[in-house]
Amino acid sequence: MFDSARDDLRTTLDEIRAAGLHKPERVIGTPQSATVNVTAGGRPGEVLNFCANNYLGLADHPEVLAAAHEALDRWGYGMASVRFICGTQEVHKELEARLSAFLGQEDTILYSSCFDANGGVFETLLDGQDAVISDALNHASIIDGIRLSKARRFRYANRDMADLERQLKEATEGGARRKLIVTDGVFSMDGHVAPLAEICDLADRHDAMVMVDDSHAVGFVGPGGRGTPELHGVMDRVDILTGTLGKALGGASGGYVAARAEIVALLRQRSRPYLFSNTLAPVIAAASLKVLDLLESADDLRVRLGENTALFRRRMTEEGFDILPGDHPIAPVMIGDASRAGRLAELLLERGVYVIGFSYPVVPEGQARIRVQLSAAHSTEDVNRAVDAFVAARAELDA
């Protein structure tokens with residue numbers, strides 16, 4: 001049976017390569033950091049890493065590593081169970097309480113990833129009587145989570161408040177019992193921030209709840225690093241926050257839903273990814289507690305990240321590159337053609353800068369880009385070297 005399928009699959013893979021859409025996986029031989037060893041052409045080499053979600057540089061922070069080593073000795077390697085059977089340790093409850101306090105929510109529930117967190121919300125809270133109104137550029141995990149629910153689905157144009165209001169009115173006129181607006185806090189391919197104050201105003205006007213996936217903001221956006229709700233002054237107006245421990249908060253894995261107490265209580269009883277997936281490894285929970293200690297004790301990492309971001313964006317603009325506007329450390333360098341973006345990424349790697357070209361289906365056709373991601377771990381010299389490499393690589397590409 002597979003022989004016939006094999007030919008079809010190979011044809012599809014050949015078409016992906018021919019269109020310049022193939023996504024190679026480069027192998028890193030070192031810990032995640034501002035500088036990594038990447039295998040290229042069979043030979044390992046040290047390169048500057050400008051494509052990780054390691055926004056605060058905590059993936060190899062000495063204090064985080066020390067907390068992880070200590071937790072491994074105290075709590076063990078894994079739980080070999082789900083939470084409601086025998087998979088809940090004190091460290092999991094402590095992290096949930098700390099996240100709730102940090103994010104200004106009533107309760108928090110941990111998941112093995114934010115993908116699972118988003119996959120477990122909609123089916124649990126909404127049914128055929130309800131409506132979910134989703135931003136058109138929301139993360140794939142939100143889209144997949146919505147598909148699991150029987151709720152009516154509405155979609156509004158990215159950050160378009162007039163369209164959002166039209167969809168809310170349509171949902172109300174259709175007799176929706178509950179209405180849930182869901183948006184990314186920061187849209188990962190563009191670095192644009194959702195207008196949460198306006199979204200919350202519309203939610204109040206149309207009796208809707210608000211859910212925000214803040215994976216690309218928590219830890220460094222907002223005065224205290226509490227994310228886009230803090231940035232916009234609406235921490236008390238967002239009903240559901242999802243996020244990850246796998247980006248700024250240490251970069252390992254794990255996700256969470258922080259929300260109203262009743263919402264979290266129901267998720268503990270009925271959310272399938274929570275009920276049927278192993279508990280978050282205790283070493284990650286303990287290391288995440290240390291991350292929160294670091295975030296609450298100083299803002300030097302957030303300041304350094306902001307300075308690096310401003311420097312990169314300013315220099316790249318001066319050099320004539322097309323960067324989507326904003327001040328987020330996601331700095332998309334727009335290329336357009338997928339093959340050209342992939343080739344530019346290869347030339348940059350040859351010059352010691354590790355970035356990735358993003359193309360369809362990750363981004364819309366014709367909008368291929370290199371998504372540069374700044375980190376607090378980068379030095380000023382690192383940022384300037386990256387810009388100089390972009391200039392040199394572009395010159396070779398255009399020669």
Side-chain angles (χ1 to χ4, degrees), residues 114-115 117-218 221 227-229 231-235 237-243 257 259-260 263 324-326 328 330 332 358 360-367 369:
C114 188
F115 207 108
N118 286 333
V121 168
F122 303 99
E123 183 182 23
T124 303
L125 298 181
L126 308 174
D127 61 25
Q129 305 175 73
D130 305 316
V132 57
I133 305 97
S134 177
D135 189 289
L137 294 188
N138 277 341
H139 191 266
S141 59
I142 293 176
I143 295 169
D144 286 357
I146 290 171
R147 286 171 176 163
L148 295 172
S149 168
K150 295 180 181 179
R152 291 186 63 198
R153 305 165 193 173
F154 298 83
R155 188 174 71 166
Y156 64 96
N158 180 233
R159 302 182 300 153
D160 186 330
M161 295 299 95
D163 194 22
L164 171 57
E165 185 158 34
R166 283 192 291 271
Q167 305 305 320
L168 284 165
K169 288 179 179 177
E170 185 175 346
T172 300
E173 291 166 359
R177 177 188 60 168
R178 297 175 188 156
K179 297 182 288 291
L180 175 63
I181 304 168
V182 56
T183 180
D184 282 0
V186 173
F187 296 91
S188 61
M189 288 298 113
D190 298 332
H192 292 155
V193 179
L196 292 189
E198 292 89 339
I199 289 173
C200 288
D201 288 344
L202 286 173
D204 290 344
R205 196 177 308 156
H206 295 276
D207 192 25
M209 297 182 291
V210 175
M211 172 178 166
V212 179
D213 178 340
D214 224 23
S215 292
H216 284 277
V218 67
V221 171
T228 55
L231 177 68
H232 291 290
V234 294
M235 289 179 66
R237 300 174 68 191
V238 173
D239 302 290
I240 305 170
L241 268 175
T242 64
V257 176
R260 311 296 187 186
I263 290 174
L324 293 182
H328 193 275
I330 292 175
F358 284 77
Y360 181 83
V362 180
V363 296
E365 290 189 81
Q367 296 184 30
R369 67 199 66 185

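Being a predicted model, the structure only gives us computed values, none of them experimental.
- What you find for Asp130 and Leu125 is that their closest heavy atoms are OD2-O, 4.0 Å.
- The two residues Pro229 and Leu196 make their nearest non-hydrogen contact at N-CD1, 3.7 Å.
- Counting heavy-atom neighbours within 6.0 Å of Asp207 CG, excluding the residue itself, gives a total of 12 or less.
- When side chains are defined from C-beta on, Val121 does not count as touching Ile142, because their heavy atoms never get closer than 4.5 Å.
- At a threshold of 4.5 Å between non-hydrogen side-chain atoms, the residues Asp127 and Ser149 do not count as touching.
- Considering all non-hydrogen atoms of both residues, Ile263 and Ala259 come closest at CG2-CB, 3.9 Å.
- A donor-acceptor pair under 3.5 Å is absent between the side-chain atoms of Arg159 and the main chain of Asp135, judged by distance alone.
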Please assess Val132 against Leu126 for the test side chain to side chain contact (heavy atoms under 4.5 Å, CB included), listing each intermediate value before the final yes or no. CA-CA 8 Å; Val132 57; Leu126 308 174; 4.0 Å; yes
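- In this structure, Asp239 contributes its side chain and Val210 its backbone to a donor-acceptor pair below 3.5 Å.
- In this structure, His232 and Val193 have side chains that are in contact, with non-hydrogen atoms separated by less than 4.5 Å.
- The CZ atom of Arg177 sits 14.0 Å away from the OG1 atom of Thr172 when rounded to the nearest 0.5 Å.
- Between the Arg152 side chain and the Ala171 main chain, no donor and acceptor come within less than 3.5 Å of each other.
- Checked by atom type and distance alone, the side chain of Lys179 pairs as donor or acceptor with a backbone atom of His206 at under 3.5 Å.
- Taken from CD1 in Ile133 to NZ in Lys169, the straight-line distance is 13.5 Å, to the nearest 0.5 Å.
- Between Met161 and Tyr156 the shortest side-chain heavy-atom distance falls below 4.5 Å.
- For His328 (side chain) and His216 (main-chain N/O), a donor-acceptor pair under 3.5 Å exists by modelled atom type.
- Put simply, the side chain of Asp190 never gets that close to the backbone of His192: no donor and acceptor are under 3.5 Å apart.
- Annotation: side chain of Gln367 is not in contact with side chain of Met189 (no heavy-atom distance under 4.5 Å).
- Between Ser188 atom OG and Leu137 atom CG the span is 9.0 Å, to the nearest 0.5 Å.
- The side-chain heavy atoms of Phe115 and Asp144, taken from C-beta on, include a pair separated by under 4.5 Å.
- Nearest heavy-atom pair, Ala197 versus Val234, reported as atom, atom and distance to 0.1 Å: CA-CG1, 3.9 Å.
- For the residue pair Asp213 / Asn138, no side-chain donor-acceptor distance below 3.5 Å is found, with atom types taken as modelled.
- Residues Phe122 and Gly145 share a closest heavy-atom pair of CD1-C, 3.5 Å.
- The shortest distance between side-chain heavy atoms of Ser215 and Thr242 does not fall below 4.5 Å.
- By the 6.0 Å contact criterion, CZ on Arg155 is open, its count of non-hydrogen atoms from other residues, nucleotides or ligands being 12 or less.
- In this structure, Glu198 and Leu164 have side chains that are not in contact, with every pair of non-hydrogen atoms separated by 4.5 Å or more.
- Distance check: Ile199 CD1 to Thr183 OG1 gives 4.5 Å after rounding to the nearest 0.5 Å.
- Interatomic distance, CZ of Arg369 versus CZ of Phe358, reported as 9.0 Å (0.5 Å rounding).
- Between the side chain of Asp214 and the backbone N or O of Ala217 there is no donor-acceptor pair closer than 3.5 Å.
- Atom CD of residue Gln167 and atom OG of residue Ser134 lie 10.5 Å apart, to the nearest 0.5 angstrom.
- A salt bridge between Lys150 and Glu123 is absent, with no side-chain N of the basic residue lying under 4.0 Å from a carboxylate O of the acidic one.
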Steps toward side chain to side chain contact (heavy atoms under 4.5 Å, CB included) verdict (Thr228, Val212): CA-CA 9 Å; Thr228 55; Val212 179; 3.9 Å; yes
